[in-house]
Amino acid sequence: MIKLYGIGVSSAVAKVRYALNFLNLKYEWVPISPMARENQTPEYLSISPTGKIPAVDIDGFKLFESNAINRYLAVRYNSSLYPMDAQKRAVIDAWTDYASIHVAHAMGRVIFNRVFAPMSGQKVDEESLRVGLEFLDKYFPVLERQLSGNACLAGSEFSLADINLLAVLDSCEIARISLEKYPSLKKWRLNLKSKPFYQTCYKDYTQYCQEAMSAMASK
Ligand SMILES: N[C@@H](CCC(=O)N[C@@H](CS)C(=O)NCC(=O)O)C(=O)O
């Protein structure tokens, strides 16, 4: 029995949902909303000691951190998403880290200042926004170069690195981040968004954000 804890508006949660779907694994989705501080209850902290979403409980094994969860799922269910070969794994890890640390961090600055700060009445930090956009202008060409020569992020085979980047980029539309200058990246993303593992589990991320916004506005 797999339980997934979190809410749809989180791209980290989406990442695990993509992997679960790709692996054809059934799961129970348990809504845990940080906005409602449901992530700080003793019960949830016993599953995710950091209080972050997502977390999973798989037959009693509790785990947090989306990339660790996806690696565990791929290994446990013996999937090509994270093959046994040490070098292939290392390359998948390298691209996953690049997207999770660098791209996601820059995206986070833009999303916070263009979406969440205005939505929650917090001050927009124009300098942080500028820096985030500047970093994305450096990082997207790297992804473009990699994807113009390879079908997938870590080479020719679809892997956890693709699932991770797909989720990291889910907020492009809501944060008004254009990928027009990056045709290979855009094509790679459109192709993956048409796949059943994405389509069947996910209302568009933008819609989740809009729902979250309306919920906040009505408070
Ligand atoms: N590195 C973590 C990031 C998770 C994360 O930042 N989750 C956010 C939602 S997207 C969260 O739980 N925020 C609530 C909080 O920090 O209290 C992962 O990939 O699982």
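Order of appearance sets the numbers: ligands from 1, and atoms from 1 within every ligand.
Classification of the W95-Y98 ring pair by plane angle, with boundaries at 30° and 60°, yields perpendicular.
Distance alone, capped at 3.5 Å, places no donor-acceptor pair between the E157 side chain and the C152 backbone.
With values rounded to the nearest 0.5 angstrom, D57 atom CG is found 4.5 Å from K62 atom NZ.
With sequence neighbours excluded, no residue satisfies side chain to side chain contact (heavy atoms under 4.5 Å, CB included) with S156.
The residues lining ligand 1, counting any heavy atom closer than 4.0 Å, are S10, A12, P34, N39, K52, I53, P54, E65, S66.
Screening L81, V13, D170 against Y18 for a side-chain contact (heavy atoms from CB on, under 4.5 Å) leaves a single residue, D170.
Salt-bridge annotation for R130 and E126: absent, with no side-chain N of the basic residue lying under 4.0 Å from a carboxylate O of the acidic one.
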